[in-house]
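One-based numbering along the sequence shown.
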Amino acid sequence: MILGQSGAGKSTVLNMLGGMDVPTEGKVIAAGQEVSGMNDRELGNYRADVIGFVFQFYNLIPSLTAYENIALTKSIVKNARDAEELLELVGLSHCRDKFPSQMSGGEQQRVSIARALAKNPKILLGDEPTGALDSETGIVVLDLLQQLCRKEGKTVVLVTHNADIAKCADKVIRMKNGKIREIVENDHPLSVKEVEW
């Protein structure tokens with residue numbers, strides 16, 4: 001979990017991990033690879049094979065159903081996971097044929113997570129994935145991400161300004177004014193449902 005106020009540099013760090021931004025100095029190493037030293041082709045492969053992104057505002061294609069938004073990944077990635085299986089994993093089999101406009105914000109975010117997982121990434125990056133959701137729906141989404149981390153062994157890196165959410169993280173990186181101020185390992189992270197919102 002990367003924690004800090006607005007403008008602290010959290011999203012910039014996330015974008016550097018995802019190979020979207022390049023640092024002005026130093027190196028970015030993720031999944032055993034030096035991301036900051038990659039050329040365009042290598043970055044493309046890294047983003048396709050290693051990274052899954054979950055955005056605050058879902059970024060679903062409005063003219064495609066939930067199933068189609070997830071299945072689209074098959075045209076990008078060789079060994080994409082099955083869209084039906086992923087819809088079931090995120091608890092949305094009943095939304096298979098719905099368009100984004102027919103789903104709630106929480107349902108759209110879970111489709112977004114399923115789409116990111118379709119690539120079977122090693123690292124899942126979330127930029128304020130609950131920022132546009134009410135607290136009840138946010139709990140559902142965060143619980144899903146925590147379960148993915150625990151059950152599927154995914155590395156999940158989330159950016160947030162909400163200190164309560166950080167109680168659920170294995171590790172918290174606190175940022176302020178563009179700098180990492182503290183890294184804290186949480187020996188006993190709470191389950192999302194135990195956090196007071």
Check for me, please, whether [X] and [Y] land in the same ILVMFWY cluster - side-chain distances under 4.5 Å, paths through other members count.
X      : Y      : value
Leu124 : Leu86  : yes
Val159 : Val50  : yes
Met38  : Ile123 : yes
Phe53  : Leu144 : no
Ile51  : Met20  : yes

Restricting to side chain to side chain contact (heavy atoms under 4.5 Å, CB included), what partner residues turn up for Ser191, sequence neighbours left out?
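Expected list: Gln146, Lys193, Glu194.
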Could you tell me whether the side chain of [Y] reaches within less than 4.5 Å of the side chain of [X], counting heavy atoms only?
X      : Y      : result
Pro129 : Val54  : yes
Asn186 : Lys171 : no
Ile29  : Val35  : no
Asn79  : Asn120 : no
Thr65  : Lys98  : no
Glu136 : Ile139 : no
Met175 : Ile2   : yes
Val140 : Asp143 : no

[X] side-chain N/O to [Y] backbone N/O, donor-acceptor pair under 3.5 Å:
X      : Y      : value
Lys167 : Val192 : no
Gln108 : Pro100 : yes
Lys10  : Gln5   : yes
Arg110 : Val90  : yes
Arg47  : Gly19  : yes
Lys154 : Cys149 : no
Glu107 : Ser104 : yes

Least distance between heavy atoms, [X] atom then [Y] atom:
X      : Y      : answer
Thr130 : Ile165 : OG1-CD1, 4.0 Å
Gly37  : Glu42  : O-OE1, 4.3 Å
Pro189 : Ala169 : CB-O, 3.5 Å
Ala116 : Pro121 : O-CD, 3.4 Å
Lys74  : Ala80  : CG-CB, 3.7 Å
Glu152 : Leu89  : OE2-CD2, 3.6 Å

I would like to know whether Thr155 and Lys122 meet side chain to side chain contact (heavy atoms under 4.5 Å, CB included); could you show each step before the answer?
CA-CA 6 Å; Thr155 296; Lys122 293 178 182 170; over 6 Å; no
Less than 3.5 Å apart, any donor N or O on the side chain of Asp127 or Ser11 sitting next to an acceptor on the other?
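There is such a pair between these side chains.
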Distance (rounded to the nearest 0.5 Å) between [X] [atom1] and [Y] [atom2]:
X      : Y      : atom1 : atom2 : value
Met103 : Gln109 : CE    : CD    : 11.0 Å
Glu128 : Phe55  : CD    : CZ    : 13.5 Å
Leu60  : Asn69  : CG    : CG    : 4.5 Å
Asp97  : Gln102 : CG    : CD    : 9.5 Å

Would you say that more than 12 heavy atoms from the other residues, nucleotides or ligands in this model lie under 6.0 Å from the CG of Asp40, or not?
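Result for CG/Asp40: open.
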Check this for me: Glu88, atom CD, are more than 12 non-hydrogen atoms of other residues, nucleotides or ligands nearer than 6.0 Å?
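Not buried by this count: 12 neighbours or fewer within 6.0 Å.
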Set of salt bridge (charged side-chain N to carboxylate O under 4.0 Å, His left out) partners for Asp82, sequence neighbours left out
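Counting only residues at least two positions away or on another chain, Asp82 forms no salt bridge (charged side-chain N to carboxylate O under 4.0 Å, His left out).
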Is there a side chain to side chain contact (heavy atoms under 4.5 Å, CB included) between Leu3 and Ile173? Walk through the geometry before answering.
CA-CA 6 Å; Leu3 180 66; Ile173 299 168; over 6 Å; no
When you check the gap from the basic side-chain N to the acidic O, do Asp170 and Arg150 get nearer than 4.0 Å?
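Yes, Asp170 and Arg150 are salt-bridged.
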Could you walk me through whether Leu64 and Phe99 pass the side chain to side chain contact (heavy atoms under 4.5 Å, CB included) test, one step at a time?
CA-CA 6 Å; Leu64 299 180; Phe99 293 96; 5.7 Å; no
Verdict with reasoning, Thr160 to Met1, per side chain to side chain contact (heavy atoms under 4.5 Å, CB included):
CA-CA 7 Å; Thr160 187; Met1 186 84 54; 3.5 Å; yes
Have a look at Val28 and tell me which of Leu17, Asp21, Val22 forms a side-chain contact (heavy atoms from CB on, under 4.5 Å) with it.
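Between Val28 and the candidates, side-chain contact (heavy atoms from CB on, under 4.5 Å) is satisfied uniquely by Leu17.
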